[in-house]
Amino acid sequence: MYKDTNCGEPREATVGSQVTVAGWVHRRRDHGNLIFIDLRDRSGLLQVVFNPEYGEKAHDLAGSLRSEWVVQITGKVVSRLPGAENPDLPTGMVELSATDLVVLNRSLTPPFEIVDDSEVDANTRLKYRFIDLRRPRMQEILKLRHKVTHIMWDYLTEKEFTQVETPILIKSTPEGARDYVVPSRVHPGDFYALPQSPQQLKQLLMVSGVERYFQIARCFRDEDLRADRQPEHTQLDFEMSFVHQDDVMAVVEELYMKIANETRPDAKIPATFPRLTYAEAMERFGSDKPDLRFGMELTTITETAASSDARVFQAVASSGGSIRGFVATGCGNYGRRQTDNLTEFAKSSGAQGLVFIALDESAPSIDALEEDHIKSPLKKFLSLDVIKKIATEMGAEPGDLMLIVAGTEKLANTVLSNLRGEMAKRLDLADPNEFSFVWVYDFPLFEWEEELNKFEPAHHVFSSPKAEHMDYLESDPGKVIGTLWDLVCNGSEMGSGSIRIHDKDLQTRLFNIIGYTEDQINDRFGQLLTAFTYGAPPHGGMGLGLDRLVAILAGESAIREVIAFPKTQSAYDPLFEAPSPIEDQQLEELHVRIVMPKT
RNA sequence: GGUCCCGUGGUGUAGUGGUCUAACACGCCUCCCUGUCAAGGAGGAGAUCGUCAGUUCAAAUCUGAUCGGGAUCGCCA
C-alpha cells in the first residue's frame, strides 16, 4: 500500500505515531519557510505542515506542489500549536509534520474547484465528471447510494429472496415507452431491445418456482428526459409468489423504513406508511402522488359556485365539469402581481384561468364578511352570501386566499395539484427533512385514451383486476379497479406494484380489452402465456426507483446528481461524447443503413 | 414537437445601444513571507461576450435563426 493511514483518521490519540498518507493536494498555503497542505482522500482532509527543520528536502519539494497533485507523505502526527487548532475539521486538533514527500502524479489545473458550493455549468461538470465526483458532496452521495443498495441486499437476503440477473438484450415490446434497440449481427434485420423493466422475466421466474426474486436492475426507456428521468435508471425489482397485496407492502414498508432510518437518522419518517385509495388521493389532493407534508387539501364547490351569477362557473357545471379549489392560508394580502403570477402558473398547467377570492385579515369572521374585505376578479358575480358559503365549504378564514379552478375534473385536478405544490414551495411548507411515505392503492386498471379512442392500461397489462370487478371487465372497463398500488414520497412516485394475473385466459381477456390482436399477443407475450399454462403460482411484486429514492434521501431534486455518469437533457454524455457514429464496417456487419432526417 | 430561463477570461458573476481599449471575485503564473486553514502582501497573464445573419453611423447590449445547458408540457405501460 502507498499509505498506512487515511487522511481523516489521525486524532489526538494517535499523536506521536509515524504514518504514511497518500492523496490529493486539496489546498496549499505557502508561507515561504513554512508550507501547509490540506491533503484529501476519500476519508477527509488532513493538514500537513512542511517545516525545513524536520524535512528539508520535503519542504523544498512542497513549494512546487499544486492543486490536485497526487502525493505520498510520511511524517509524524503532532498536536497543533495552542490556538492553531481548526474545529471545522475532524482532524483539526492534529497535523502531520512531514519528513518525506513523494509526488506520485501531477495534475493540470482543474477546470473548476473541488468544493461543494460551486455551481458549475452542467456540461462542464459532466465533461469532467471524474473531477466533479471528487467533490466531498458527490463522494457522500456515491457512498449513500452504496449504503442503500447494501441494505437492500442484506434485508432481502435475510427474507429469503434470491437475486437473479435477467438479460439486457431482450425483445422489443412496442407498447409503453420507446425501446432502445440493438441490431443483431447474426440475424440480419432483427433487433434486440434493452428492457424497460424485467417485468415478464420476473413473472417467468415465479413460474419457475423461485418464489422470492429480487434484482437491482437497470431499465431503459428512449423518452425525453426530465430532472427525475434518465434514459437508463435503476430499479429495485422484486417479485413474490403466494402473496397478497399486504404481504408485498409489508416487505417494502419495513425495508424503506430501515433504509430511511439508517441513512437519514435525522429525518422525520412516519412510523407506518399511511394508505390512501386512488379515489381518495384524487379527491383530497387532485393527484395520485400527493405530497402529504402539508395541508391545503382540495374541496369541491361545484354546486355552490354554479349557484352564483358567474357564467364561467355555470357553464362548467352544466357541462358536467368540476369546480374545485383550496385555501392558501395567510395569502389574503396577495397583490396584483402575485395573483397574476399564480394565474400564469395555472395557465401553464393547462387551465383556462384561475379564480381567486382573497379575504382581508381585518374581517372579524367569515359570517361578518363585508364587500370591502373581498378581492376577486369575479367579485361582481359573486354575492356576499355565495362567498361566505364557498369560504365555509373550503374552510377559509379571514386573511386567506382561495384558489379555484373550473374545468373538467381531470384538468381541475392537474392544475390544482400543481398549484398546491407551487404554493407549498412559495410558502416553504414542505420540510426537506421529512420523508412522507404513503401508499396509494386501488388504482383503476384502465384509462380512457381520448386521442386513441380506446382503453389503455393505467400502469401495466399484468395487474390483476379485483375479483369483484371481473364481471364488468368487458362491459365497463373504466370502472375496474386493479390490485395495483404505488409507493409515493413527498409528491413523487417511488415505485409501483401489483398482484399479477397468473391465469392465461384472464390475461388474454385483458389484452383483448386494450385491443391487441391475437398475433400481437402471441408475438409479444406468447412466452408468458405459455408459462401460465404450466402451473403458474399467484404472485405479485413491485418495481421501485432507486435513483429517486437516493435523490430524496440526499435532498437532491435531480436524479442526475445521484448517478455517477448521467446524461444531459438531450441524452448526451459529454464525457464519452456518446452517442457517436460508428465505422462503416460495423454498420455493414450489422446490416444497418443510416438514413439521415430531412432538414 | 411546444413553452420558458440561461450562455461574457479556467470557474462564478456584473455590464442591456456610444463612457467597453469589457468590470469584479475565485482560480492561474512570478516574487516576498515560520502558524495558516477560503492564509496574507506585491506584481502579471488570460475574453474577438456560444455561433451565424440582420438592424444601426455605432451591437456583449436590439432582431431573427441556429447550437448547447436547464426547467416544464406533450411523452414516460
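Every chain is numbered from 1 and lettered A, B, ... according to where its sequence line falls, protein lines coming before strand lines. The model shown is predicted, which means the values in this text are computed figures rather than measured ones.
A:Ser348 comes within contact range of no nucleotide atom at all, as no heavy-atom separation falls under 4.0 Å. Nucleic acid contact class of A:Gly176 (heavy atoms, under 4.0 Å, all strands): sugar-phosphate only. Nucleic acid contact for A:Glu95: base, since at least one base atom lies under 4.0 Å from a heavy atom of the residue. A:Val120 comes within 4.0 angstrom of sugar-phosphate atoms only, judged by non-hydrogen atoms across all strands, and of no base. As judged by a 4.0 angstrom heavy-atom cut-off over every strand, A:Gln47 is placed among the base-contacting residues. Across all strands shown, A:Ser570 has heavy atoms under 4.0 Å from sugar-phosphate atoms exclusively, and none from any base. A:Arg178 comes within 4.0 angstrom of nothing in the nucleic acid, heavy atoms only. Among the protein residues, A:Gln196 comes within range of no part of the nucleic acid, since none of its heavy atoms lies under 4.0 Å from any strand. Using a 4.0 Å heavy-atom criterion, one finds that A:Asp30 contacts the bases of the nucleic acid, with or without backbone contacts as well. Heavy atoms of A:Glu85 sit under 4.0 angstrom from at least one base atom.
The shortest distance between the side-chain N/O atoms of A:Arg229 and the OP1/OP2 oxygens of B:C73 is not below 4.0 Å. The phosphate of B:C29 has OP1 or OP2 within less than 4.0 Å of a side-chain N or O from A:Arg66. Put simply, A:Arg226 has a side-chain N or O that comes within less than 4.0 Å of OP1 or OP2 on B:C73. Contact annotation: A:Thr124 side-chain N/O to B:G10 OP1/OP2 distance is not under 4.0 Å. An OP1 or OP2 oxygen of B:C28 is reached within less than 4.0 angstrom by no side-chain nitrogen or oxygen of A:Thr109. Within the 4.0 Å cut-off from OP1 or OP2 of B:A39, at least one side-chain nitrogen or oxygen of A:Arg27 is found. OP1 or OP2 of B:G69 has not a single side-chain nitrogen or oxygen of A:Asn123 nearer than 4.0 Å.
At a cut-off of 3.5 angstrom, the base of B:G68 holds no donor-acceptor pair with the side chain of A:Gln569. You won't find any donor-acceptor pair under 3.5 Å spanning the side chain of A:Arg560 and the base of B:G70, going by distance alone. Within 3.5 Å, no donor on the side chain of A:Arg29 pairs with an acceptor on the base of B:U34, nor the reverse. In the interface, the side chain of A:Glu119 is not paired with the base of B:U11 through any donor and acceptor atom under 3.5 Å apart. For B:C37, its base never sits under 3.5 Å from the side chain of A:Arg28 at any donor and acceptor pair. Between the side chain of A:Asp224 and the base of B:G74 there is at least one donor-acceptor pair of N/O atoms closer than 3.5 Å.
The shortest distance between side-chain heavy atoms of A:Leu445 and A:Pro457 does not fall below 4.5 Å.
The interatomic distance linking A:Asp116 (CG) with B:U11 (P) rounds to 19 Å, in whole Å. Nucleotide B:C28 holds its P atom 11 Å from the CD atom of A:Glu68, rounded to whole Å.
Between A:Gln199 and A:Asp88, the residue anchored nearer the 5' end of RNA chain B, judged by the nucleotide with its closest heavy atom, is A:Asp88.
In summary, A:Glu422 and A:Arg420 do not engage in a salt bridge, as defined by a charged side-chain N under 4.0 Å from a carboxylate O. Here A:Lys202 pairs with A:Asp237 in a salt bridge; the nearest charged N to carboxylate O distance falls below 4.0 Å.
Note on ring orientation: taking the six-membered ring where Trp is involved, the planes of A:Tyr128 and A:Phe130 are perpendicular (angle over 60°, cut-offs 30° and 60°). A:Phe462 and A:Phe525 have perpendicular rings, their planes meeting at more than 60° on a 0 to 90° scale where under 30° would count as parallel.
Listed candidates were B:G69, B:C37, B:C75. Nearest to the side chain of A:Asp121 is B:G69. Considering only the side chain of A:Pro111, B:G10 comes nearest among B:G10, B:C37, B:U36. Considering only the side chain of A:Arg80, B:U36 comes nearest among B:C76, B:G70, B:U36. For A:Ala122, counting side-chain heavy atoms from C-beta on, the closest listed nucleotide (B:G35, B:A71, B:G69) is B:G69.
In this structure, CD1 on A:Ile73 lies 4.0 Å from CZ on A:Phe50, to the nearest 0.5 angstrom.
Geometrically, A:Arg125 does not engage A:Phe112 in a cation-pi contact defined by less than 6.0 Å to the ring centre and at most 45° from the axis.
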